[in-house]
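Fair warning: this is a prediction, and the values are worked out from it, not measured in the lab. By convention in this document, chain letters (A, B, ...) are assigned in the order of the sequence lines, proteins followed by strands, and residues within each chain are numbered from 1. As a basis for the values below, the full set of heavy atoms in this structure was taken, side chains included, without hydrogen atoms, waters or symmetry mates.
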Protein chains: 2
Amino acid sequence: MEQFIPILKKSKLFSGVRDDEISSMLSCLGASFREYKKGEFVLRQGERLSSILVLAEGNLHIQNDDYWGNRSILGEISPGEMFGEAFVTSESETLLNDVAAVTDSAVVSFDVKRVLTTCSSACRFHTIVVQNLFCEISEKNRKLVRKLGYMSKRTTREKLISYLSEQAKKQNSASFSIPFNRQQLADFLSVDRSAMSNELCKMRDDGLILFERNRFTLL
Amino acid sequence: MEQFIPILKKSKLFSGVRDDEISSMLSCLGASFREYKKGEFVLRQGERLSSILVLAEGNLHIQNDDYWGNRSILGEISPGEMFGEAFVTSESETLLNDVAAVTDSAVVSFDVKRVLTTCSSACRFHTIVVQNLFCEISEKNRKLVRKLGYMSKRTTREKLISYLSEQAKKQNSASFSIPFNRQQLADFLSVDRSAMSNELCKMRDDGLILFERNRFTLL
DNA sequence: GCCTTTCTGTTGTAAAAACAACCGACTTTC
DNA sequence: GAAAGTCGGTTGTTTTTACAACAGAAAGGC
């Protein structure tokens, strides 16, 4: 487990926690670790979850496939990000989505309930981690709200504009890369890929954007 | 403020906290209270927020109106529910939506940062409230994920079915009321009201559902 | 009661998206 | 380096939605 301390140290959840504190938390919380091959499922819809997970390396998609094979991508997880946290508090509710490894990935998991329930809050790291936990779950919340913003737009063009604008803002530049290919972006925005591809080209012809592969520029 | 203790006691945030503990928290956290008339805005998009809010009575909508007057309803707040919590942790980010009073409402606000930052976690209520806070923000998170589930459906019919099924499940009955009228439901699902109304009738003709006003039965 | 406002359903038309099929460019694999 | 697979773009058709305008029912005010 020790090899992940540098990675965990950079994660938002352990931000501000010293190496030796992380180390003691890992053993205290019975942290475990697992690797996943590209395409493998880290979590499956309908499962129950009792641990919080942090992606150590790789890339994950939170997604959902219906009977007819239509995929919907809820979000994307980058290294250092926490996931699954919203489902550990509910005894009754099961996972609403699959989590799949887009590339070979490594995941660290541990029982965050213990962070919240043990009365050892006197320790410095407990206080910090609880705050970090709250910050990161809030951020996830805002991410979902922003996504609902894109999805509530009525036309594909509006969805694209709101998503791309947000990315430009986030990356502080009119030129930026997105973490999706065309099919994935379409699944993320819940539109048809070919129709979206078509709309992107129209937007380029209208002088709104430039793009090449997953790199976009807003004009 | 004291008059709200019975209401706050029933809220999820203070679940498991004794009256006298709530009382001391209120003063400790400098809780304040305000009433809003029907139609008034409790929060406006773009504002910064430093307090967590709890609805004591009435009904609120988290919503967003674009330039052309198209409204999008993100969610609905019932008495006892917390809101605004996802925006207190971010110094930089401003509110993404308005919060409007659908009926005359009363709101209690207090600085939850103090719950998290003070080192007085030794007190019983601090521990409980932090746990409650985590549970409720997780629940909010799941609510958003569920909403994204409805919105990711491609057709109005599918959106309606997924939303109505979820309500039936939540209320544990094939017959249930929803907290929206037609226009509000359309704004919630981001579809056109008349088209949705039309689709509902087709679904009734197809023997899928029965409805009258805001009461629905799944068949 | 009567008037006004709000709510819901209906219809027709125009616009947009989904769907399906295909093509060429580029990658990967053996 | 040939074959298979992936990716992005294009086109035409069908389906669905948005939009607009209207009408009847229900609710609320005076």
Item to complete: Only pairs at least two apart or in different chains count here, so list each ring pair (Phe, Tyr, Trp, His ring centres under 6.0 Å) that has a residue in residues 177-219 of chain B.
Response: B/His61-B/Phe180, B/Tyr163-B/Phe188, B/Phe180-B/Phe188, B/Phe211-B/Phe216
Discussion item. Holding to salt bridge (Lys or Arg N to Asp or Glu O under 4.0 Å), I want the full list of residues that pass it with B/Lys140, two or more places apart in sequence or in another chain.
Written reply: B/Glu85
Would you mind writing out the side-chain donor-acceptor pairs for residues 201-209 of chain A within the sub-3.5 Å range, not counting sequence neighbours?
{"unit_1": "A/Asp206", "atom_1": "OD2", "unit_2": "A/Arg157", "atom_2": "NH1", "d": "3.0"}
{"unit_1": "A/Asp206", "atom_1": "OD2", "unit_2": "A/Arg157", "atom_2": "NH2", "d": "2.9"}

Worksheet entry | By side chain to side chain contact (heavy atoms under 4.5 Å, CB included) - contacts of A/Ser165 (at least two apart) | A/Ile161, A/Leu218
Response to the item:
Residues at least two apart in sequence or cross-chain that pass salt bridge (Lys or Arg N to Asp or Glu O under 4.0 Å) with B/Asp104, listed by chain then number, are B/Lys37
Item to complete: Starting from P on D/dA18, measure out to CD on A/Glu158 and report it in whole angstrom.
Response: 11 Å
Response to the item:
In short, the helix from C/dG1-D/dC30 to C/dC30-D/dG1 is bent end to end, axes from five pairs each side, to 10°, by 60°
Fill in: Length of the line joining A/Arg215:CZ and D/dG8:P, which is rounded to integer Å
16 Å
Fill in: Carboxylate-amine/guanidinium contact A/Glu40 A/Arg34, below 4.0 Å
yes
Response to the item:
Residues passing the side chain to side chain contact (heavy atoms under 4.5 Å, CB included) test with B/Ser162, sequence neighbours excluded, are B/Tyr150, B/Lys153
Worksheet entry | Integer-rounded Å distance: D/dA26 C1' and B/Glu212 CD | 11 Å
Fill in: Any residue meeting side chain to side chain contact (heavy atoms under 4.5 Å, CB included) with B/Ser15, in chain and number order, not counting sequence neighbours
B/Asn132
Fill in: Nucleotide-resolved protein contact map, nucleotides 4-20 of chain C, B/S/- at heavy-atom distance under 4.0 Å
---SBBBB----SSSBB
